[in-house]
Number of protein chains: 2
Amino acid sequence: MAPKSKATITDVARAAGVSTATAGRVLGGYGYTSEDKKEQVLKAAQSLGYRPNALARSLITGKTRTLGVVAGDIQNPFYASVLRGVSNVAEANGFGLLITNSDEAQPKEVHSVELLAQKQVDGLIVTPSDTRKARHLHNLRAMGVPLVLIDRAVAGLMVDRVATDNIAAAEQAVRHLIAAGHRRIGIVAELVDEESGGLESFLARAIAGDPIESETLYPSWQRLLGYIRAHRIEGLPVDPRLTLRAGSYSAQAAQAVVPRVMAAPEAPTALFTTDGTMSEGTMRALAELTLSIPQDVSIICFDDLDWMSFHRPGITTVAQPRLAMGEAAARMLLERIRGEDYPPRTVLMPAELIERGSVARL
Amino acid sequence: MAPKSKATITDVARAAGVSTATAGRVLGGYGYTSEDKKEQVLKAAQSLGYRPNALARSLITGKTRTLGVVAGDIQNPFYASVLRGVSNVAEANGFGLLITNSDEAQPKEVHSVELLAQKQVDGLIVTPSDTRKARHLHNLRAMGVPLVLIDRAVAGLMVDRVATDNIAAAEQAVRHLIAAGHRRIGIVAELVDEESGGLESFLARAIAGDPIESETLYPSWQRLLGYIRAHRIEGLPVDPRLTLRAGSYSAQAAQAVVPRVMAAPEAPTALFTTDGTMSEGTMRALAELTLSIPQDVSIICFDDLDWMSFHRPGITTVAQPRLAMGEAAARMLLERIRGEDYPPRTVLMPAELIERGSVARL
DNA sequence: CTCATATGTGAGAACGTTCTCGCGACTGTA
DNA sequence: TACAGTCGCGAGAACGTTCTCACATATGAG
């Protein structure tokens, strides 16, 4: 009742007239204790305002019941939802959540992972910022720290992973545009890291139908691949001039890249944006150009953001199950922490095409 | 170089041929050490892949370099931004961040606080879900745990606090509408908890100009107060029928409450929404009613969300400095953790009216 | 030369838990 | 009566650090 300062288990034991071992047993809920002593201890703990010190407990048990998460940016709706999903299952299992931002920069990511590892998290959920080199993540594995990747894979790192089926989702979206009669479809994509030989080479290979190792591609490149596949399937040519590469992960970059192509004679009749941030930049650009959706240009976005449903017209979009992704990742991580021993699993979650009013039939 | 399994400071000491005390000194960066030994220890640590165990360190120092945050819902853009602000200064100071959601429900909040306290966070940032009863928070104070409140105050709890100057901000927004010629202005507000005597009584007192203890009011009530003050200042009557109370904190609730009044003969010519969630619900309702902004109805929102800038028309809004609020809160908390001893401070941050195109001049 | 101060080192306690033993007291079965 | 098994309890080690000592050895001032 009177939680003056911090009481330890020793204080409680003394007050209850038992040994620390017994006090520990009733307070920690392990081993045997008589009803008598249990009651005494509980009463003593109550009156001293005893609160167990998770640090000491963790030090000896080797378990912190804490998950670490390295997200790109909590502020981004994608990560915010994923985190909420992670948080839901963490909380349901009595786990705490240590969260950091990497801003998609590997040095920050390495720093975050180091911090979380020092704090002895039981497991880590990471959205790796570099899909090829990631020594820090390999190290974690070597040391036996459970690890789950979200949204992206890392070459050669065999761990559990959950992501959207980007290729299929993008393909579906673009085919939807083609089915509506669109023939000139622009894609606004981040495409930040050079994929072996740059964009031109990638496009050439993808258009030629060369096999491409798509697992470890960044999401925006996977979505570009889906865009190209849709064209191939529908027998449509891919015009490289319609590949609008923002070059960095910001709405500004997307916004900057749209106006040029819309003014050109080969202007697209429809746009496909590869994620929420690109969508935002594109919408901004379209608003500035005072182009009407879908009269002047149709649009399908990737990732269903709140405003897309009440925007006029409603924005047709490919919805990722963000919350479910976070939940799935956390659940897989908890399984690993419990010691379950499967081969590394990859969960590809399906995205859902939500039709609203931003696509005109030509 | 070969981080097989976890090496302790004892292992490093043995490998370097020194005592654990010396190894601790060089690794922990305290006390004196010779260059010789320092080099040996560092080399040994390197080759063993030594990583300090923050748990053990914290147990003895009594400091975890971890901040706890109890937010309403990470997914909500308001909290997401605030958290990013907190995260920024935490990271800059080498602090970790333990984050939980309360969903604005006190039982969950109590549970979260307990979890974070057990994990021995150095300080806590909370958005209290109940502004009157909060024994758990009083207890924290009694035990000397640094605490900073965001967005709301708690009656009788004298701690540091950062919030938006809600009354002034709302007043400014509504006066802006009045200046544009609007006379019938609706307010869409959460107004979830009964304020001593309910909404009617509150309205009556506020309209009469009775002094109201506004510090511990929930934000939506403060914003309602600002709305009323604007009317008083401008000499306009307040029509209670234009107070649209959602009654719960969800877009659905807001959406549900708008249509009725827009159909009525006394329909408002302008709407003021008291936060992002209310804005979203209102926009949704307006879209369904196919009412045009600002032709059919003008709108000013509270809190600048991403879509408001590229929505057509652009949405005029009162922007809260969310990121800065989070940063300020974290900074204040760190000061307390460092032991600085001011009287409790309240930081009221000014909001900025951003004029775009959603307000018609009548 | 002598004293005070700064520098360097190790032994061992401490932090607050859980864990491992050992021991005794019951129970039920043969 | 004997014996195994369950139950109950305490002493003390352990977890991986930092902290407090005690004790060297230098260094510089008087």
Side-chain angles (χ1 to χ4, degrees), chain A residues 3 5-42 44-45 48-66 94 114-115 117-122 143, chain B residues 3 5-42 44-45 48-66 94 114-115 117-122 143:
Chain A
S5 74
K6 40 204 74 175
T8 75
I9 211 168
T10 316
D11 300 329
V12 174
R14 185 168 25 233
V18 299
S19 70
T20 62
T22 299
R25 273 188 278 261
V26 13
L27 261 14
Y30 53 91
Y32 297 107
T33 35
S34 67
E35 283 305 317
D36 273 13
K37 307 261 174 180
K38 182 176 275 178
E39 199 177 328
Q40 292 172 44
V41 171
L42 253 21
L48 290 177
Y50 170 74
R51 173 148 43 209
N53 183 329
L55 251 38
R57 196 198 311 253
S58 295
L59 183 58
I60 192 164
T61 59
K63 262 86 188 56
T64 52
R65 295 191 79 79
T66 302
E114 182 60 28
L115 179 80
Q118 289 191 5
K119 291 194 186 298
Q120 311 294 123
V121 293
D122 290 338
M143 308 200 53
Chain B
S5 75
K6 39 207 75 174
T8 75
I9 211 168
T10 316
D11 300 329
V12 174
R14 185 170 24 235
V18 299
S19 69
T20 62
T22 300
R25 273 187 280 261
V26 14
L27 262 13
Y30 52 92
Y32 297 106
T33 35
S34 66
E35 282 305 317
D36 274 13
K37 307 261 175 183
K38 182 176 277 180
E39 200 177 327
Q40 293 172 45
V41 170
L42 251 24
L48 289 178
Y50 170 74
R51 173 148 42 209
N53 184 329
L55 251 37
R57 197 198 308 254
S58 295
L59 183 58
I60 192 162
T61 60
K63 261 86 187 61
T64 52
R65 296 191 78 79
T66 303
E114 183 60 30
L115 180 80
Q118 289 192 5
K119 291 194 184 299
Q120 311 294 125
V121 294
D122 290 339
M143 309 201 48

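Here is the naming used below: chain letters follow the sequence lines, and residue numbers restart at 1 for every chain. What you are looking at is a predicted structure, and each value in this text was computed from that prediction instead of being measured.
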For C/dG10 and B/S19 - does any side-chain N or O of the residue sit under 4.0 Å from the phosphate oxygens OP1/OP2?
yes
Which one of B/E39, B/Q40, B/K38 satisfies the side chain to side chain contact (heavy atoms under 4.5 Å, CB included) criterion with B/T33?
B/K38
Minimum-distance nucleotide (side-chain atoms of B/I60 versus C/dC15, C/dT18, C/dA11):
C/dC15
Rounded to whole Å, please give me the gap between CG in B/L27 and P in D/dT18.
8 Å
Nearest whole Å is fine: how far is C/dG10 P from B/D36 CG?
12 Å
Return the minimal non-hydrogen interatomic distance between A/K63 and A/S58, and the atom names on each side.
O-OG, 3.0 Å
Separation of atom NZ in B/K119 from atom C1' in C/dG16, rounded to whole Å:
15 Å
Take atom CG of B/L59 and atom C1' of C/dT18, then tell me their distance rounded to the nearest Å.
12 Å
Using OP1 and OP2 only, check whether a side-chain N or O of B/Y32 sits under 4.0 Å from C/dT5.
no
Under 4.0 Å: is that the gap between some side-chain N or O of A/T8 and OP1 or OP2 of C/dC15?
no
Round to the nearest Å and state the distance from A/I9 atom CD1 to D/dA14 atom P.
19 Å
Any A/Y30 side-chain nitrogen or oxygen under 4.0 Å from OP1 or OP2 of C/dT18
yes
Taking only the side-chain nitrogens and oxygens of A/T20, find out if one of them lies under 4.0 Å from OP1 or OP2 of D/dA11.
no
Output yes when at least one side-chain N/O atom of B/T22 is less than 4.0 Å from OP1 or OP2 of C/dG10, else no.
yes
Result of checking B/L42, B/D11, B/I9, B/V41 against B/Y50 for side chain to side chain contact (heavy atoms under 4.5 Å, CB included)
B/I9
Tell me: NZ of B/K37 to P of C/dT7, nearest whole Å?
18 Å
Could you check whether any side-chain heavy atom of A/R25 comes within less than 4.5 Å of a side-chain heavy atom of A/Y30, counting everything from C-beta outward?
yes
So does B/R25 reach the base of C/dG10 with its side chain, donor to acceptor, closer than 3.5 Å?
yes
Taking A/T64 for the side chain and A/Q120 for the main chain, is one N or O donor matched with an acceptor at less than 3.5 Å?
yes
Nearest whole Å is fine: how far is D/dT17 C1' from A/Q120 CD?
11 Å
Taking CD from A/Q118 and C1' from D/dG16, how many angstroms apart are they, rounded to a whole number?
13 Å
